[in-house]
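Shown next, in structure tokens, is the structure this report addresses.
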Amino acid sequence: MRFFNSVYFKIVAALVVGFLLYLESFVNVNKDFGVFTSASRLVFEGKTCDEVWIKSGSAGLKYFYSPLFAVLLFPLKDLPQGISNLVWLSLNLLVLLRIFKLLAFYLSLHNWPDNKRKLFYLLTFLAVARSLYDCFSLGQMTFILVWAGLEAFKWIHNGEKLKGAALLALVINIKLIPIALLAYLFYTKEWKAAFLTLVFFGLYLLLPALFLGDDFNRQLHAGWLASITSTNAGSIMDDYGRQSLSSFIPALLMDTPLQFDLKRNFVNLDANQVNLILNMVRLLLLGLLAVLFGRPLVKPNSAQKLFYHLSLICLLTPLFFPHQGKYSFFYLLPAYAFCIYHIMQLKEIPEQKALVRKAMFLTLISFVFLSLTTDGLIGRRLSDLCEYLNLITIGSFFLLAAVFSLRRV
């Protein structure tokens with residue numbers, strides 16, 4: 001690991017990061033982030049941004065984020081796209097570095113030798129390299145969502161509940177996906193943080209009215225709610241080709257467009273029946289979470305225990321919510337970090353060798369399904385086949401099994 005401490009490595013790393021920033025900011029200009037800034041322009045022109053197809057490259061995308069997020073992007077909305085990309089991607093890289101520093105807090109990595117700690121970071125980085133690059137190259141904001149959840153709970157755990165609640169409410173407002181973390185606050189009897197989060201969330205709903213007027217703010221929120229509701233209602237049809245429970249379960253239980261001459265479903269149910277089974281599977285996974293968390297209304301007694309709970313919530317997040325892209329599986333980083341940490345800790349303990357082998361096998365299978373199925377390694381056609389077979393979703397279940405196997409460590 002001395003190589004990573006060398007000046008040569010630091011120079012090469014800086015050059016690689018600089019080249020990627022230039023490439024993704026000014027060469028591969030069209031990104032989902034362009035949809036966010038376009039929505040901001042629409043809002044400040046007095047137009048609604050929901051249910052509007054906004055051009056992104058050769059395709060069009062809808063804006064599913066909150067009115068407040070559109071307001072917050074005001075400073076970037078009129079910049080040349082390459083410049084706004086550079087600002088956004090630079091922010092994302094800083095957030096990514098902060099995520100790794102937060103791993104050191106939750107897992108007490110400061111007690112580890114420098115070489116062991118760097119190996120842990122390297123393995124964790126490689127575990128999510130595919131979704132990390134997808135998120136970065138598309139200009140998405142999954143880095144920020146993951147960081148905000150970990151940062152907010154660090155503050156709450158350390159008694160800074162006002163700061164933690166303000167940050168958690170902000171990311172829930174921007175994109176509702178982290179709302180599971182609010183439910184977790186109630187589950188673990190963090191009453192003050194939970195109610196402060198609700199208060200801040202309400203304030204964030206009102207905040208755009210200061211810039212846009214009360215009537216237009218209400219109109220924007222009504223449109224936002226309608227777009228979210230319609231996305232959830234049509235998830236088993238609209239999510240065909242994506243990776244989540246809302247595409248995995250229908251592929252098994254109903255006729256979907258046939259590819260590669262491979263039929264995936266073993267029965268053919270109607271959409272209402274499939275929706276019912278999909279929601280039952282979600283409930284079963286929520287029940288599993290409750291079992292793994294232990295008794296309700298009990299706070300985790302350490303940062304590591306809290307991280308174990310957060311890793312489970314993050315792991316299930318891209319599976320539960322409809323209309324998520326492959327980039328959303330960056331949410332699995334805490335679960336991979338949890339597994340890699342414990343495998344590295346236990347591998348020198350003779351009586352734990354069987355557990356280590358089991359956890360390593362499950363984690364590696366998950367990594368193969370989630371990361372090594374990218375078209376950059378196996379080609380477009382084979383990668384498309386892997387996605388058609390929902391291997392990313394299946395790989396997430398293997399990772400869940402790995403975390404489950406290490407639950408008592």
Side-chain angles (χ1 to χ4, degrees), residues 24-26 28-92 95 135 138-145 148 166-179 197-235 238 321-325 327-328:
E24 294 298 337
S25 298
F26 299 102
N28 302 325
V29 177
N30 295 313
K31 300 187 180 303
D32 293 357
F33 181 64
V35 175
F36 306 162
T37 53
S38 294
S40 182
R41 281 195 296 274
L42 287 173
V43 164
F44 280 96
E45 290 170 2
K47 302 172 184 177
T48 60
C49 56
D50 299 297
E51 297 303 316
V52 176
W53 287 97
I54 300 173
K55 188 175 181 182
S56 176
S58 59
L61 295 172
K62 289 183 180 180
Y63 177 80
F64 289 106
Y65 295 77
S66 71
L68 177 60
F69 186 50
V71 170
L72 293 175
L73 291 177
F74 172 79
L76 302 179
K77 69 182 180 67
D78 293 321
L79 291 177
Q81 193 167 348
I83 299 298
S84 64
N85 285 345
L86 179 61
V87 173
W88 180 251
L89 295 179
S90 298
L91 174 63
N92 272 263
V95 164
C135 185
L138 288 171
Q140 269 289 338
M141 66 173 304
T142 311
F143 293 169
I144 292 174
L145 297 178
L167 180 58
L168 183 58
L170 178 61
V171 290
I172 293 173
N173 175 279
I174 290 172
K175 192 168 185 178
L176 288 176
I177 280 181
I179 199 168
T197 301
L198 290 175
V199 169
F200 276 112
F201 184 79
L203 291 174
Y204 293 145
L205 292 177
L206 299 174
L207 189 57
L210 296 178
F211 307 92
L212 307 174
D214 188 52
D215 290 341
F216 189 39
N217 184 44
R218 282 201 298 268
Q219 181 185 351
L220 288 173
H221 278 93
W224 181 39
L225 179 62
S227 67
I228 293 171
T229 304
S230 64
T231 298
N232 185 63
S235 63
D238 297 340
F321 287 86
H323 206 62
Q324 300 304 303
Y327 57 82
S328 66

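Basis for what follows: all heavy atoms, side chains included, without hydrogens, waters or symmetry-related copies.
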Distance (rounded to the nearest 0.5 Å) between [X] [atom1] and [Y] [atom2]:
{"X": "L203", "Y": "F201", "atom1": "CG", "atom2": "CZ", "value": "11.0 Å"}
{"X": "S38", "Y": "D32", "atom1": "OG", "atom2": "CG", "value": "11.0 Å"}
{"X": "Q219", "Y": "L212", "atom1": "CD", "atom2": "CG", "value": "10.5 Å"}
{"X": "D50", "Y": "K62", "atom1": "CG", "atom2": "NZ", "value": "9.5 Å"}
{"X": "K31", "Y": "L61", "atom1": "NZ", "atom2": "CG", "value": "13.0 Å"}
{"X": "T37", "Y": "Y63", "atom1": "OG1", "atom2": "OH", "value": "10.0 Å"}

Listed partners of [X] passing side-chain hydrogen bond (donor to acceptor under 3.5 Å, both in side chains), at least two apart:
{"X": "Q81", "answer": "none"}
{"X": "S25", "answer": "none"}
{"X": "N217", "answer": "H221"}
{"X": "Y327", "answer": "Q140"}

Closest heavy-atom pair and its distance - [X], [Y]:
{"X": "S40", "Y": "A70", "answer": "OG-O, 2.7 Å"}
{"X": "W224", "Y": "L205", "answer": "CZ3-CD2, 4.3 Å"}
{"X": "P67", "Y": "P208", "answer": "C-CG, 4.3 Å"}
{"X": "G82", "Y": "F26", "answer": "C-CE2, 3.5 Å"}
{"X": "G139", "Y": "L89", "answer": "CA-CD2, 4.2 Å"}

- Task: Check the pair L167, F200 against side-chain contact (heavy atoms from CB on, under 4.5 Å), reporting the backbone distance first and the verdict last.
- Result: CA-CA 9 Å; L167 180 58; F200 276 112; over 6 Å; no

- Message: For D78, give me all partners under side-chain contact (heavy atoms from CB on, under 4.5 Å), at least two apart in sequence or on another chain.
- Response: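 D78 satisfies side-chain contact (heavy atoms from CB on, under 4.5 Å) with R41 once adjacent residues are dropped.
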
- Listed partners of L206 passing side-chain contact (heavy atoms from CB on, under 4.5 Å), at least two apart: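 None.
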
Side chains of [X] and [Y], heavy atoms from C-beta outward: is any pair under 4.5 Å?
{"X": "L170", "Y": "I144", "answer": "no"}
{"X": "L207", "Y": "L210", "answer": "yes"}
{"X": "W53", "Y": "V35", "answer": "no"}
{"X": "L138", "Y": "F33", "answer": "no"}
{"X": "I174", "Y": "M141", "answer": "yes"}

- V71 backbone acceptor or donor facing K77 side chain under 3.5 Å: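 Pair absent, no side-chain N/O of K77 close to backbone of V71.
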
- Message: Show every side chain to side chain donor-acceptor pair (under 3.5 Å) that has at least one partner inside residues 82-92, sequence neighbours left out.
- Response: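 Those involving residues 82-92 do not exist here.
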
- Query: Among pairs that include at least one residue of residues 197-214, which meet side chain to side chain donor-acceptor pair (under 3.5 Å), considering only residues two or more places apart or in two chains?
  - Reply: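 Qualifying pairs, neighbours excluded: D214-R218.
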
- Message: Checking L42 against I54 for the side-chain contact (heavy atoms from CB on, under 4.5 Å) test, could you report, in this order, the C-alpha distance in whole Å, the side-chain angles of both residues, the deciding distance, and whether it holds?
- Response: CA-CA 10 Å; L42 287 173; I54 300 173; 4.2 Å; yes

- Residues in ring-ring contact (aromatic ring centres under 6.0 Å, His included) with F69, at least two apart?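 With neighbours one apart ignored, the set is F36, Y65.
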
- Message: Under the rule for ring-ring contact (aromatic ring centres under 6.0 Å, His included), what residues qualify as partners of F211, not counting sequence neighbours?
- Response: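 Per chain and number, F211 pairs via ring-ring contact (aromatic ring centres under 6.0 Å, His included) with no residue.
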
- Message: Is there a side-chain contact (heavy atoms from CB on, under 4.5 Å) between V43 and K47? Walk through the geometry before answering.
- Response: CA-CA 5 Å; V43 164; K47 302 172 184 177; over 6 Å; no

- Message: Please evaluate residues I172 and I177 with respect to the criterion side-chain contact (heavy atoms from CB on, under 4.5 Å), reporting the C-alpha separation (whole Å), side-chain torsions for both, the decisive distance (0.1 Å), and the verdict.
- Response: CA-CA 7 Å; I172 293 173; I177 280 181; over 6 Å; no

